[in-house]
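Below you'll find the structure, written out as structure tokens, and then a few comments.
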Amino acid sequence: MVEWKNLDTLKSYQELKDTARVNLAEVMSGENGAERVKTYSVPMAEGMAYNYAAKAVDDNVLAVLAKLAKEAQLTEKFAALYNGEVINTGEKRLVLHQLTRGQLGDAVVADGVDKRAFYVEQQKKVAEFANKVHAGEITNAAGEKFTTVVQIGIGGSDLGPRAMYLALENWAKKHDTFKMEAKFISNVDPDDAAAVLASIDVAHSLFVLVSKSGTTLETLTNESFVKDALAKAGLDASRHMVAVTSETSPLAKSDDYLTAFFMDDYIGGRYSSTSAVGGAVLSLAFGPEVFDRFLAGAAAEDVLAKNENLLENPAMLDALIGVYERNVLGMGCTAVLPYSQALSRFPAHLQQADMESNGKSVNRFGEPVDYVTGPVIFGEPGTNGQHSFYQLLHQGTDIVPLQFIGFKNNQCGVDVDIQGSTSQQKLCANVVAQMVAFACGKEDENRNKYFAGGRPSSIIVGDQLTPETLGALLSHFENKIMFQGFAWNLNSFDQEGVQLGKVLAKRVLAHDTDGALKAYSELLNI
Ligand SMILES: O=P(O)(O)OC[C@H]1O[C@](O)(CO)[C@@H](O)[C@@H]1O
């Protein structure tokens with residue numbers, strides 16, 4: 001039986017606050033630093049590793065974090081989750097996204113259905129559909145093949161699938177598995193839909209409408225926008241659209257779509273990339289086999305998250321080092337810095353995954369907590385970020401923990417050797433340089449050129465970004481966020497904080513306003 005306790009009631013948390021601080025610049029210099037880089041590393045799935053040498057921890061801090069993991073019953077709470085307990089207390093729902101890629105524990109039966117079997121059935125349905133589209137068995141009304149897939153959705157119904165698509169686009173082209181180009185419409189700004197529609201041939205485009213609730217204003221508006229464009233082109237919209245939704249949503253079983261694929265209320269939007277939400281667009285774009293490989297990578301990483309030994313569990317270790325930085329060292333942000341252009345939207349996906357999950361001030365029982373919770377997440381691919389916001393990261397008054405991601409090899413296999421090094425080597429050299437610069441800093445009599453160091457970072461290293469490593473990477477962060485939510489005693493799986501704005505926007509559109517709402521409405525000419 002697990003006990004849900006606030007972080008500040010744990011003995012180990014008090015102990016953590018009393019542990020001696022680590023001087024990162026000192027421990028990372030010289031041979032000691034070299035030794036840390038070799039030993040402070042945990043294997044991840046698919047040949048990757050989580051290296052935390054440049055974090056402000058030592059064996060003492062790690063030992064107390066291991067006590068905290070036990071006292072907070074992180075392993076037991078994860079088991080409760082994957083065995084089907086109601087972990088999302090706010091909405092009284094199970095939390096089953098791991099089940100879309102594997103069975104970690106007991107069979108989970110909900111609403112009279114074996115949930116693993118249900119998700120697999122939907123994946124098969126998506127795969128059959130995608131294969132028929134690729135084979136020209138499902139075509140437009142003129143009997144011509146679809147060449148483009150356009151996903152319409154927002155938040156979790158956009159960010160994850162979009163980030164995953166961009167992550168694998170070049171890999172799929174290189175490996176001859178690129179089937180259809182994918183585009184995404186999310187913003188209710190009419191310029192978003194208009195620009196995408198102007199860039200495609202609508203007659204040969206298949207639109208995937210994704211909304212778990214089937215009620216999201218932006219998505220339904222963009223659906224109408226697209227239907228209007230199809231009608232203007234003399235096309236029957238129902239021959240060009242499929243839906244991904246929950247079986248209870250208004251979009252289920254509608255004649256407006258060629259077919260519908262289902263997820264359910266037990267898959268949070270921001271955790272839905274491995275369900276039909278990501279499955280439809282990724283299987284259409286790259287083929288169902290590539291999507292299966294992506295799921296296999298996520299499943300393998302999920303298994304590692306079950307390990308109760310903190311030093312062998314990369315997601316739990318990453319999570320607890322994050323809690324230490326946030327709650328003991330007082331650091332309020334985390335930057336996600338992939339040294340991989342293919343991961344250009346990965347930080348944006350993690351922004352939702354993390355901030356919508358752990359941006360909470362009350363615990364899972366609705367009681368205010370007396371400690372800080374989820375950090376602000378932002379990021380950009382390196383090396384672009386270096387020429388943008390790294391100035392503040394190196395010399396600003398706030399210390400921002402950094403989460404680097406890097407690969408030894410690029411995806412396209414095209415590179416040039418200029419001045420004795422390839423572009424890939426230059427990319428990797430930069431991430432190495434940054435990690436040491438942040439940790440060790442640099443003395444200088446001129447304070448303007450002085451780097452204090454002591455700025456913590458970790459790196460996830462892999463051979464190459466492939467469907468498997470991408471799946472493992474996604475799972476790592478999903479599980480990290482989950483473990484942090486457990487440590488903070490939050491419900492990481494609802495998002496009440498997005499509701500108020502939606503309600504007020506409806507009032508503005510209905511001209512039911514007064515005070516500042518009315519004045520701002522007039523300012524924006526609504
Ligand atoms: O898939 P839906 O139901 O359209 O929701 C889209 C997004 O909206 C949110 O509920 C936030 O408003 C996200 O959590 C979700 O990913």
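Just so you know, ligand 1 is whichever comes first in the structure, and atom 1 is the first atom listed for that ligand. Predicted model only: the values in this text are computed from it and were never measured.
Of all atoms in ligand 1, numbered sequentially from 1 with element shown, those under 4.0 Å from a heavy atom of Ser211 are 1 (O), 2 (P), 3 (O), 4 (O). Near Gln352, meaning under 4.0 Å from any of its heavy atoms, are these atoms of ligand 1: 13 (C), 14 (O), 16 (O). Of all atoms in ligand 1, listed by their number and element, those nearer than 4.0 Å to a heavy atom of Val498 are 11 (C), 12 (O). Close contacts between ligand 1 and Lys212 involve ligand atoms 1 (O), 2 (P), 3 (O) [criterion: under 4.0 Å to a heavy atom].
Within the structure, ligand 1 lacks Glu218 among the residues with a heavy atom less than 4.0 angstrom away.
Ring orientation note: the planes of Tyr50 and His476 are tilted relative to one another, at an angle of 30° to 60°. By the 30° and 60° cut-offs, the orientation of the rings of Phe378 relative to Phe389 is perpendicular. Ring orientation note: the planes of Phe286 and Phe178 are tilted relative to one another, at an angle of 30° to 60°.
Looking only at heavy atoms of the protein, atom 6 (C) of ligand 1 is closest to Ile154 O, 3.2 Å. Protein heavy atom in closest approach to atom 14 (O) of ligand 1: Glu356 OE1, 2.8 Å. Annotation: atom 3 (O) of ligand 1 to nearest protein heavy atom, Ser213 OG, 2.6 Å. Of all protein heavy atoms, the one closest to atom 15 (C) of ligand 1 is Gly156 N, 3.9 Å. Shortest contact from atom 5 (O) of ligand 1 to any protein heavy atom: Thr216 OG1, 3.5 Å.
The proximity of Gln495 to ligand 1, defined as any non-hydrogen pair under 4.0 Å, is limited to the side chain.
Within a 6.0 Å radius of NZ in Lys518, other residues, nucleotides and ligands contribute 12 heavy atoms or fewer. Atom CD of Glu3 has 12 or fewer heavy atoms from other residues, nucleotides or ligands within 6.0 Å. For Arg364, the CZ atom is densely surrounded, since the number of other residues' heavy atoms within 6.0 Å is greater than 12.
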> Please walk me through it: do Ser199 and Lys183 pass side-chain hydrogen bond (donor to acceptor under 3.5 Å, both in side chains)?
Replying inline: CA-CA 9 Å; Ser199 73; Lys183 302 263 180 173; 3.2 Å; yes

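For ligand 1, the polar-atom distance check against Gly269 finds no nitrogen or oxygen pair separated by under 3.5 Å. Residue Lys502 places at least one N or O, backbone or side chain, under 3.5 Å from an N or O of ligand 1.
Side chain to side chain, Trp488 and Asn327 meet the donor-acceptor criterion of an N or O pair below 3.5 Å.
The side-chain heavy atoms of Phe483 and Leu320, taken from C-beta on, include no pair separated by under 4.5 Å.
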